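The residues of the chain are indexed from 1 along the displayed sequence. Given the structure is predicted, the values throughout are model-derived calculations rather than measurements. Note that ligands are numbered from 1 as they come in the structure, with each ligand's atoms numbered from 1 the same way.
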Amino acid sequence: MDRKALKLAFTLASPPDWICPTCQKGVLRIKKDTFFQEEGQASRDRSHEAWEPDWIAYVYSCLLVCTNDQCKEVVSNVGVGSVVHHVYQDYRGEVDEAYIDFFQPKFFEPHLVFINIPDDCPESVSEPLRESFRLFFSVPGAAANNVRIAIEELLTALHVKRFNVVKGKRRPINLHQRIDLLPRKHVLLKDLLFAIKWLGNAGSHGNNGKNEITTDNVMDAYELTEHILHEIYAPKTKKLAALAKKVIKKKGPTK
Ligand SMILES: [Zn+2]
């Protein structure tokens, strides 16, 4: 995951290397003549005496094309932009200034893919993860919350019970307790799951500043989730043990 490409604002002179969501090999490049930017209604008002160029607010839209010749996927992208006053030293060491347009993506269709989800991962888990990828740029808090939903679904897929029956009534078991109920063989994943739970919590309640979730926090949750899913659905140790067994049985290289 290239965090810089996914979180930083970009300039048209150096757009980020977003990885193509379809082939996962090529990068997405802005298709020639498709980038449009306009100032919004409020931004166009220059009447205030204190007006400065950094009050400018753009919306933009463009098409992106995958650089992989075998793929050439087309992705549509929209976002917002602003003007940043940049003071710098030129090659003679003299101080100069410039106003530079910076852009921040808000939405991609099809959505970008942030982590590798193993083929054996149940749809009930991968579906909320894809929903999270869709929301990542526009509502990071909701993106984090969807990772939490994926974790709830993962526990269900691992047969961790969801309800206690108290006096004949079903009472939901909270996520913290469910993680504690994980079978012994997954005990090493508990801390990672608790961490995702906390990030998801912040995503659910975090509009009061203190717990506001950042795209970095969401990417933390993605990395933890990727590791957990691979440990459960595509464990390397299991694959390598099977490979070793094959070589030993053959007493030499396998074909
Ligand atoms: Zn591609």
Side-chain angles (χ1 to χ4, degrees), residues 1-38 58-81 100-140 142-147 149-151 153-154 196 213-236 239:
M1 196 159 30
D2 180 353
R3 289 200 178 210
K4 269 188 184 166
L6 294 165
K7 72 177 184 187
L8 297 182
F10 67 94
T11 63
L12 284 180
S14 58
D17 287 342
W18 293 307
I19 303 296
C20 170
T22 304
C23 72
Q24 296 280 307
K25 287 180 187 142
V27 294
L28 300 173
R29 288 278 170 258
I30 296 169
K31 189 178 179 181
K32 195 171 179 281
D33 299 330
T34 67
F35 192 96
F36 296 101
Q37 68 187 83
E38 292 269 348
Y58 298 116
V59 289
Y60 81 84
S61 71
C62 66
L63 291 179
L64 305 164
V65 182
C66 173
T67 52
N68 176 0
D69 281 336
Q70 308 293 317
C71 172
K72 289 184 178 167
E73 178 65 288
V74 183
V75 174
S76 70
N77 171 229
V78 294
V80 295
I100 302 171
D101 290 345
F102 275 92
F103 301 97
Q104 190 83 53
K106 288 286 176 192
F107 199 76
F108 292 83
E109 180 62 44
H111 65 75
L112 301 189
V113 175
F114 294 77
I115 56 170
N116 177 276
I117 300 174
D119 291 342
D120 290 345
C121 176
E123 189 66 16
S124 59
V125 178
S126 59
E127 219 259 339
L129 281 178
R130 284 195 295 271
E131 184 66 9
S132 173
F133 299 160
R134 181 177 292 280
L135 295 164
F136 174 83
F137 293 96
S138 48
V139 205
N145 197 31
N146 269 282
V147 182
I149 293 168
I151 293 308
E153 290 293 341
L154 174 68
I196 296 171
I213 203 111
T214 65
T215 50
D216 255 326
N217 301 144
V218 184
M219 287 189 277
D220 289 342
Y222 288 162
E223 281 188 351
L224 293 166
T225 304
E226 184 173 42
H227 179 76
I228 291 166
L229 293 181
H230 279 260
E231 283 295 305
I232 295 172
Y233 294 111
K236 263 193 192 146
K239 261 193 220 161

Under 3.5 Å, sequence neighbours excluded: what are the donor-acceptor pairs made by side chains of residues 104-123?
residue, atom, partner, partner atom, Å
Gln104, NE2, Lys7, O, 3.2
Glu109, OE1, Arg134, NH1, 3.0
Asn116, OD1, His230, NE2, 3.0
Glu123, OE2, Arg130, NH2, 2.6

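- Residues Val75 and Glu73 meet the side-chain proximity criterion, which asks for heavy atoms closer than 4.5 Å.
- Listed by chain and residue number, the protein N/O/S atoms under 2.8 Å of the Zn ion (ligand 1) are Cys20 SG, Cys23 SG, Cys66 SG, Cys71 SG, with waters left out.
- Atom OG1 of residue Thr34 and atom CG of residue Leu63 lie 4.5 Å apart, to the nearest 0.5 angstrom.
- One finds the CG atom of Leu28 at 6.0 Å from the SG atom of Cys66 (value rounded to the nearest 0.5 Å).
- A salt bridge is defined here as a Lys NZ or Arg NE, NH1 or NH2 lying under 4.0 Å from an Asp or Glu carboxylate O, and Asp220 with Arg3 meets this definition.
- Of all non-hydrogen atoms in Ala221 and Thr225, the two that sit nearest each other are O-OG1, 2.7 Å.
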